[in-house]
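Read through the structure below, which is laid out as structure tokens, and then see the notes.
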Amino acid sequence: MSASTLTRYLETSIREDLKRKMVFVDGPRQVGKTTLALSLLGRQSLRHPAYLNWDDPQARARLMQGSLPGRESLIILDEIHKYPHWKNLVKGLYDTSRDLLSILVIGSARLDHYRKGGDSLQGRYHHYRLHPFSLGELTNAASSNDVRTLLQFGGFPEPLLAANARVWRRWQSERLSRVVYQDVRDMENVRQIALIELLIGALPARVGSPLSVRSVSEDLQVSHQTVVRWLEILERLYVCYRIPPFGAPLIRAVKKENKLYLWDWSQVPDAGARFENLVAGHLLKYCHFEADTQGYAMELRFIRDTDGREVDFVVLRDGAPLFAVECKTGERDVSRTLEYFRERTSIPKWFQVHLGDADRLIRGVRVLPFARFCGELNLP
């Protein structure tokens, strides 16, 4: 099986939206954006005349001249956000050609952030975030084998589909090198590239715990504000993400601590934290899918009070909690913390997911395998 033979979960929605507006698709480097875009052209070739990559000098010159390929109903603009005035350029192409062709813009950074200068593109496009592969994309009936494969190799197409440790190690090294020495250099004004690389290397050990920026700044011997800025850069480049706490009237919730997770959970060394990061990735993908395709205001949060009691995740839609999820690598009795918060919040559904086989309802909490949880909630 290859990445080009798999239909990605966003393809149908993107095809529909391209009939009416431009579509922007961003996501982590090497998550499959180009493969998805080329599948919309019907031919997996980077030499397709409708595929224009800003990193290609010839394509760049054509775009600056406003010269588009003839007889094409769809054009793809890749990495064009690296041009400081890309928004004006895309707006001009769209306004002059909207009746003749559709435009798909893809990039390995948050396109909603890199909209610099000129008039707004508001109302001219729909925005999607492409995630790594998840259980819902791999199979119609996810199994424990699929979970173990995702845990070991992550959800990025190349290492996942190869399912080979050597391929995974080499891919890891090459991808992070490109993020640090190409993306950070091209997109941000950062001089201390070597320290950014040290920061990326320090993040996997901090997954799943409240992130102390002060501790990171002391380790790297840089200022608090510098670490804050660097973390924001890495979030914009889809290296990591942070989720905030959920507050409720009857709990003394922490307000400022955020938990950190990686887009590539296979980097996390601790087994429990890696499983938690895998679950976080699936839930964030669900939130982004609902927001991008249905227009809901979706949030992924966690619960933690001032006494240190914690529940891993809460999913909210339009400000209202839908369900809470606790992660356990083994089959255990229901966490007492779940019961404590269940009595003090309005969250309607509670789950404790694990890597075993047991499925049972215990004191109002559904304890079930993670694969079954994904299937029943229809996570993408």
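- Side-chain contact between P348 and F323 is absent, with no heavy atoms from C-beta onward closer than 4.5 Å.
- Atom OG1 of residue T337 and atom CZ of residue R342 lie 14.5 Å apart, to the nearest 0.5 angstrom.
- For the pair K259 and F302, the distance from NZ or CZ to the six-membered ring centre is under 6.0 Å and the angle to the ring normal is within 45 degrees.
- Ring pair F373/H282: centre-to-centre distance not below 6.0 Å.
- Between R309 and D305 there is a salt bridge, with a side-chain nitrogen of the basic residue lying less than 4.0 Å from a carboxylate oxygen of the acidic one.
- Using a 4.0 Å cut-off between charged nitrogen and carboxylate oxygen, E174 and R29 do not count as a salt-bridge pair.
- Of the possible polar contacts, one joining the S102 side chain to the L18 backbone as a donor-acceptor pair under 3.5 Å is found.
- A cation-pi arrangement is absent between R124 and F24 under the rule of less than 6.0 angstrom and at most 45 degrees off the ring axis.
- Residues R15 and E11 are paired through a salt bridge, judged by an N-O separation under 4.0 Å between the basic side chain and the carboxylate.
- With respect to the salt-bridge test (charged N to carboxylate O, under 4.0 angstrom), the residues D26 and K33 do not qualify.
- Between I80 and I106, the closest side-chain pair of non-hydrogen atoms is not below 4.5 Å.
- Taking the side chain as every heavy atom from C-beta outward, E339 and R363 approach each other to under 4.5 Å.
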**Study point:** Stepwise side chain to side chain contact (heavy atoms under 4.5 Å, CB included) test for V216 and L203
**Key:** CA-CA 9 Å; V216 176; L203 295 181; 5.7 Å; no

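- Proximity of H126 to D292: side-chain heavy atoms (C-beta onward) are nowhere separated by under 4.5 Å.
- Side-chain atoms of D78 and Y51 include a donor-acceptor pair closer than 3.5 Å.
- With R206 contributing its side chain and L211 its backbone, the two residues share no donor-acceptor pair below 3.5 Å.
- F156 is linked by a ring-ring contact (aromatic ring centres under 6.0 Å, His included) to W171, counting only residues two or more places apart in sequence or in another chain.
- None of I14, L104, V31, I76 except one satisfies the side chain to side chain contact (heavy atoms under 4.5 Å, CB included) rule with L36; the exception is I14.
- Just one residue in the list Y286, W350, F246, Y261 forms a ring pair (Phe, Tyr, Trp, His ring centres under 6.0 Å) with F313, and that residue is Y261.
- Between the side chain of W265 and the main chain of F153, no donor-acceptor pair closer than 3.5 Å is present.
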Practice item. Take L111 and Y125 through the side chain to side chain contact (heavy atoms under 4.5 Å, CB included) test and state the conclusion after the steps. Key: CA-CA 11 Å; L111 297 175; Y125 73 97; over 6 Å; no

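- Judged by distance alone, the side chain of S134 and the main-chain N or O of P380 form a donor-acceptor pair under 3.5 Å.
- Between D56 and R60, no side-chain nitrogen of the basic residue sits less than 4.0 Å from a carboxylate oxygen of the acidic one, so the salt-bridge criterion is not met.
- Counting only heavy atoms from C-beta outward, the side chains of V353 and C374 never approach each other to under 4.5 Å.
- Annotation: side chain of F289 is not in contact with side chain of L379 (no heavy-atom distance under 4.5 Å).
- Identified under the ring-ring contact (aromatic ring centres under 6.0 Å, His included) test for residues 216-237, with sequence neighbours left out: none.
- The side-chain tip of R336 does not point at the ring of Y340 from less than 6.0 angstrom away and within 45° of straight on.
- In this structure, R372 pairs ionically with D359, as a charged nitrogen and a carboxylate oxygen lie closer than 4.0 Å.
- With sequence neighbours left out, the salt bridge (charged side-chain N to carboxylate O under 4.0 Å, His left out) criterion links R274 to no other residue.
- Between H131 and W263, the two ring planes are tilted [angle within 30° to 60°].
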Review point. For Y83 and M64, what are the C-alpha separation, side-chain angles and deciding distance, and is it a side chain to side chain contact (heavy atoms under 4.5 Å, CB included)?
Key: CA-CA 10 Å; Y83 174 49; M64 293 299 293; 3.5 Å; yes

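- The side-chain heavy atoms of S217 and T226, taken from C-beta on, include no pair separated by under 4.5 Å.
- The closest donor-acceptor contact from the side chain of E326 to the backbone of D312 lies under 3.5 Å.
- Taking the side chain as every heavy atom from C-beta outward, E299 and C287 never approach each other to under 4.5 Å.
- Remark: K82 engages E79 in a salt bridge, criterion side-chain N to carboxylate O under 4.0 Å.
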Exercise for review: Tell me, with the steps shown, if H288 and L284 meet side chain to side chain contact (heavy atoms under 4.5 Å, CB included).
Suggested key: CA-CA 6 Å; H288 285 175; L284 185 66; 3.6 Å; yes

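- K285 forms a cation-pi arrangement with Y9, by the criterion of a distance under 6.0 Å to the ring centre and an angle within 45° of the ring axis.
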